[in-house]
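Here's the structure, in structure tokens; my notes come after.
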Amino acid sequence: MSFSNYGELCTEVYDLTKKVGQSFGGDIEYYTNRLKENGGTTLEAMVGSGRVIIPLLEAGLTVDGMDYSSEMLASCQKRIDEKRLSANLYHSNLQNLNLPQKYKNIIIPGGSFLLIEKRQESRQALEQMYEHLEDGGRLILDIFLPTDHFEAGKVLRTLTVDCPNGDIITLEDKLVEVNFFEQYKVSYLKYEKWREGSLIQTELQRFSIRWYSIEELKLIMEGVGFKNVSVSADFDFGKKPTHARQSFVFEATK
């Protein structure tokens with residue numbers, strides 16, 4: 001079986017477990033308030049299936065979205081249409097971003113920046129976002145530090161998701177590689193869809209997380225050209241980070 005990249009079953013599970021408007025630690029409220037304060041148009045990079053962009057649109061903000069997964073974008077568009085909202089959605093990866101306009105704000109919620117597997121590609125993504133910001137525009141993204149689950153070969157979690165039509169999707173998350181020197185770990189996510197006791201669909205996803213220390217990411221952003229890089233803890237603007245289990249929100253200007 002070859003690997004999928006945020007394919008059909010992954011998207012279905014994502015939609016059922018990360019609902020539109022579901023806030024994690026106050027992230028949606030934070031982004032809403034900061035974007036209202038900043039004003040202007042916003043791009044949500046790595047938009048997924050719409051958990052964040054839709055409440056931002058409902059709050060009256062002008063927001064576009066981009067994602068590399070066509071399945072996620074299709075789900076996002078469907079949800080936007082169901083809400084009778086409007087946004088431009090673009091299919092692209094961040095390293096090769098080439099959109100027709102620049103933005104006052106670019107955001108990456110949900111720790112999704114850590115899903116860019118290669119360090120050089122992460123820098124390229126920051127460079128492209130820098131180029132897509134207006135002068136004085138702001139980048140806002142949040143990250144986390146992995147603090148446990150480092151035993152390769154171990155099944156980290158299993159999940160059973162009930163679908164509206166009665167199907168069942170099971171998920172097994174198995175850690176297969178940990179590299180402390182390069183600061184990444186890789187899991188294989190195995191999705192199986194069952195109908196009346198019969199397996200009808202399978203999907204295998206390679207899921208990589210690359211982590212950064214606070215000072216490391218600040219230096220990388222400054223090396224790209226960003227200024228006034230600040231870090232707040234737990235979606236509380238100005239709150240100083242104090243321990244590794246917090247969420248860390250970076251803000252920087254062009």
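Since the model is a prediction, treat every value here as computed from it, not as a measurement.
For E58 and K83, the salt-bridge test passes: some basic side-chain N is under 4.0 Å from an acidic carboxylate O. With salt bridges taken as basic N to acidic carboxylate O contacts below 4.0 Å, one links E251 and R34. Salt bridge status for D27 with R51: present, with a side-chain N to carboxylate O gap under 4.0 Å. Between D15 and R79 there is a salt bridge, with a side-chain nitrogen of the basic residue lying less than 4.0 Å from a carboxylate oxygen of the acidic one.
No more than 12 heavy atoms of other residues, nucleotides or ligands lie within 6.0 Å of CD in E196, so this atom counts as exposed by the packing criterion.
Using a distance-only test at 3.5 Å, with no hydrogens or angles considered, a donor-acceptor pair links the side chain of D142 to the main chain of G110. The main-chain N or O of A252 is never found under 3.5 Å from a side-chain atom of N228 such that the two would form a donor-acceptor pair. N105 contributes no side-chain N or O that, together with a main-chain N or O of L35, makes up a donor-acceptor pair within less than 3.5 Å. Using a distance-only test at 3.5 Å, with no hydrogens or angles considered, no donor-acceptor pair links the side chain of H132 to the main chain of K102.
For the pair K254 and Y130, the cation-pi test (distance below 6.0 Å, angle within 45°) is passed.
Expressed to the nearest 0.5 Å, how far CD of Q124 lies from CE of M129 amounts to 12.0 Å.
Less than 6.0 angstrom separates the ring centroid of F180 from the ring centroid of F150.
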